[in-house]
Amino acid sequence: MGVSAAPDLSPNLTLDRTLAALADPHRRQVINLLRERPRPAGELARAVGLAPPAMSRHLRTLRQSGLVEESHPAFDARVRVYALRPEPMIELLRWLEETERLWSAQLLALRDHLLKDRPSSPATPDAGDREA
């Protein structure tokens with residue numbers, strides 16, 4: 001089977017195209033189906049409930065974003081089989097992890113700043129120290 005190569009894109013452009021492609025619910029449904037196994041275009045169209053021309057447009061967007069690759073089985077070159085490509089999702093995961101680290105660091109710095117400037121309050125007795 002021949003496999004089409006994904007376009008070589010800069011990291012920011014790759015991330016932008018990945019997020020744009022995933023913004024559509026039909027395309028996310030296709031991604032979820034392809035997580036199970038590669039599938040022919042016609043099977044994807046039926047499973048998602050779209051007409052073949054509409055599915056073709058969604059698959060083209062997913063191909064251009066690099067999220068899926070297209071191949072043709074040796075027995076019938078007219079059949080297009082789609083499979084997931086992991087690289088765009090790995091880049092998205094890296095970006096999300098870095099963003100989470102940034103936000104965590106910012107929130108910890110804010111907490112430290114607020115605690116530093118907070119006036120100390122008198123100690124409150126523990127529940128066990130109170131008289132009934």
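Computed from heavy atoms alone, side chains included, the values below leave out hydrogens, waters and symmetry copies.
- Residue pairs satisfying the salt bridge (charged side-chain N to carboxylate O under 4.0 Å, His left out) criterion with at least one member in residues 36-51, sequence neighbours excluded, are listed as follows: E36-R39, R37-E43, R39-E43.
- Linking ILVMFWY residues whenever their side-chain heavy atoms come closer than 4.5 Å, directly or via other members, places L62 and L19 in the same cluster.
- Cluster note: W103 groups with no other residue, as no ILVMFWY side-chain heavy atom lies under 4.5 Å from it.
- Counting only heavy atoms from C-beta outward, the side chains of R85 and V68 never approach each other to under 4.5 Å.
- The CZ atom of R94 sits 8.5 Å away from the CD atom of E97 when rounded to the nearest 0.5 Å.
- Taken to the nearest 0.5 Å, the CG atom of L96 stands 10.5 Å off from the CZ atom of R101.
- Distance check: I31 CD1 to L84 CG gives 5.0 Å after rounding to the nearest 0.5 Å.
- Nearest heavy-atom pair, V79 versus P73, reported as atom, atom and distance to 0.1 Å: O-CD, 3.3 Å.
- When all heavy atoms of G66 and P88 are compared, the pair lying nearest together is O-CG, 3.1 Å.
- Applying the side-chain hydrogen bond (donor to acceptor under 3.5 Å, both in side chains) test to E98 and every residue at least two apart in sequence or in another chain returns nothing.
- Annotation for I90: hydrophobic cluster partners, listed by chain and number, are none (ILVMFWY side-chain heavy atoms under 4.5 Å, direct or chained).
- One distance of note links OG of S65 with CG of L13; it measures 10.5 Å at 0.5 Å rounding.
- Side-chain contact between E69 and R63 is absent, with no heavy atoms from C-beta onward closer than 4.5 Å.
- If you take NE2 on H72 and CZ on R80, they are separated by 5.5 Å, rounding to the nearest 0.5 Å.
- Taking R78 as the reference, D76 meet the side-chain hydrogen bond (donor to acceptor under 3.5 Å, both in side chains) condition, with sequence neighbours excluded.
- In this structure, the side-chain hydrogen bond (donor to acceptor under 3.5 Å, both in side chains) partners of N32, at least two apart in sequence or on a different chain, are R35.
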Applying side-chain contact (heavy atoms from CB on, under 4.5 Å) to E70 and V81, what does each step give before you reach the verdict? CA-CA 6 Å; E70 173 187 301; V81 177; over 6 Å; no

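- Residues L22 and M89 form a side-chain contact, since some pair of their non-hydrogen atoms from C-beta on lies under 4.5 Å apart.
- Between atom OG1 of residue T14 and atom CD of residue E91 there is a gap of 7.0 Å, rounded to the nearest 0.5 Å.
- Looking at H58 and L44, their side chains never come closer than 4.5 Å, going by heavy atoms from C-beta outward.
- Using a 4.5 Å heavy-atom threshold, the side chains of L102 and Q106 count as touching.
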